[in-house]
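Worksheet: one structure, shown below.
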Amino acid sequence: MRPSVPHDREPDTRTGSRPRRAARHRPASGLLALISAAAVLGGLTACTSAPEALTTPCGVVIDGSGSGDATKNGFNAEAKLKAELLPFLEDQECGTVDFAPITYTSQISSCKVDRVDLDPPHKETTDQDSQRERARVRAAGEALEELKCARRERPGSDVWGALDRIASVMPSDGPDAKLLVVSDFEQADPEFSLGKADLTTPESRDKVIDSLVKERGVPAVKGMTVYTVGFGMKFGDRPSEYEDFEAFWNEVLEGRAKADVDNSYE
């Protein structure tokens with residue numbers, strides 16, 4: 001580097017001229033532009049980075065029995081499905097969703113809706129939030145189709161069989177599955193009616209459960225979180241009967257099947 005020249009230096013008496021001032025160094029305008037552009041791009045990248053992939057396998061079980069009608073004594077399955085399904089799919093960060101109907105014989109019901117991919121493949125320029133929202137809306141439409149089909153079948157309510165059916169079609173890998181069951185859980189199929197069973201004591205409940213497990217096995221929902229919507233609604237004015245009913249299903253789902261039950265969706 002050349003030594004700087006003092007700005008207040010006196011004129012050279014021999015020449016009568018002032019010495020040249022040292023040149024001021026200014027950042028190149030091109031470099032400034034590159035620095036600014038890099039900062040802007042860095043900010044944009046931070047704001048528009050791709051969201052985390054949705055990987056949670058989810059399922060929806062839909063009650064097509066008469067107790068789900070929009071009547072005085074029904075729990076209005078359609079209204080509850082419309083109110084709770086979209087929040088469920090978003091809250092639980094569902095990557096896929098499968099469906100199963102509750103009918104007279106759920107395992108062999110002809111009602112079938114294909115799995116919906118809630119985080120479809122996309123390009124770099126895709127608005128993933130909008131794409132995912134469209135997928136969830138499509139899933140809600142498919143769920144209503146499943147409900148309509150279930151209602152056309154013979155009246156009945158095989159909840160136990162529907163739980164087994166949904167477990168058999170959901171992906172087995174990935175995080176623990178989430179299951180939304182829109183039903184009052186009033187089991188009533190060709191061979192068994194919960195309304196006729198003695199649920200008044202732990203011993204009598206165990207006897208009923210043992211018999212069902214022996215004939216049907218345990219519902220294959222181990223490790224899942226089961227979210228109930230409409231559970232036991234017919235017992236609104238009979239709290240003691242509701243407690244027995246709840247104890248029965250808690251033993252089935254949590255005690256025997258090793259699932260978790262969550263009533264946060266209503």
For a side chain to side chain contact (heavy atoms under 4.5 Å, CB included) check, start with the C-alpha distance between Q107 and D164, then their side-chain angles and the critical distance, and finish with the verdict.
CA-CA 8 Å; Q107 285 279 30; D164 252 349; 3.2 Å; yes

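For R238, the CZ atom is densely surrounded, since the number of other residues' heavy atoms within 6.0 Å is greater than 12. Environment of CD in E93: sparse, with no more than 12 heavy atoms of neighbouring residues, nucleotides or ligands closer than 6.0 Å.
Side-chain contact, Q187 with D158: a donor N or O sits under 3.5 Å from an acceptor N or O. For the residue pair Y227 and N263, no side-chain donor N or O sits within less than 3.5 Å of a side-chain acceptor on the partner. Judged purely by distance below 3.5 Å, without hydrogens or angles, the side chains of S109 and S106 never pair a donor atom with an acceptor atom.
Side-chain contact check for T105 versus P190: some heavy-atom pair is nearer than 4.5 Å. Side-chain contact check for Y104 versus S157: every heavy-atom pair is 4.5 Å or farther apart. Between L81 and L144, the closest side-chain pair of non-hydrogen atoms falls below 4.5 Å. Between R134 and S130, the closest side-chain pair of non-hydrogen atoms falls below 4.5 Å. A 4.5 Å side-chain heavy-atom check between T96 and P171 finds at least one atom pair inside the cut-off.
When T228, V159, V261 are each tested for a side-chain contact (heavy atoms from CB on, under 4.5 Å) with W249, only one passes: V159.
Ion pairing between a basic and an acidic side chain is recognised when a charged N comes within 4.0 Å of a carboxylate O; R136 and D119 show no such pairing. The pair K234-D184 does not count as a salt bridge, with every side-chain nitrogen at least 4.0 angstrom from each carboxylate oxygen. The existence of a salt bridge linking D117 and R115 is excluded, since no basic side-chain nitrogen approaches an acidic carboxylate oxygen closer than 4.0 Å. Under the 4.0 Å criterion applied to side-chain N and carboxylate O atoms, D210 and R256 are assigned as salt-bridge partners.
Ring planes of F245 and F231: tilted class, angle from 30 to 60°.
With hydrophobic clusters built from ILVMFWY side chains whose heavy atoms lie under 4.5 angstrom apart, V116 shares a cluster with V182.
Note that CG of L85 is 9.5 Å distant from SG of C58, once rounded to the nearest 0.5 Å.
Between the side chain of D198 and the main chain of T200, a donor-acceptor pair closer than 3.5 Å is present.
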Less than 3.5 Å apart, which donor and acceptor atoms pair up between the side chains of residues 69-79 and the rest of the protein, not counting sequence neighbours?
| from | atom 1 | to | atom 2 | distance (Å) |
| --- | --- | --- | --- | --- |
| T71 | OG1 | G74 | N | 3.1 |
| N76 | OD1 | A79 | N | 3.2 |
| E78 | OE2 | K82 | NZ | 3.0 |

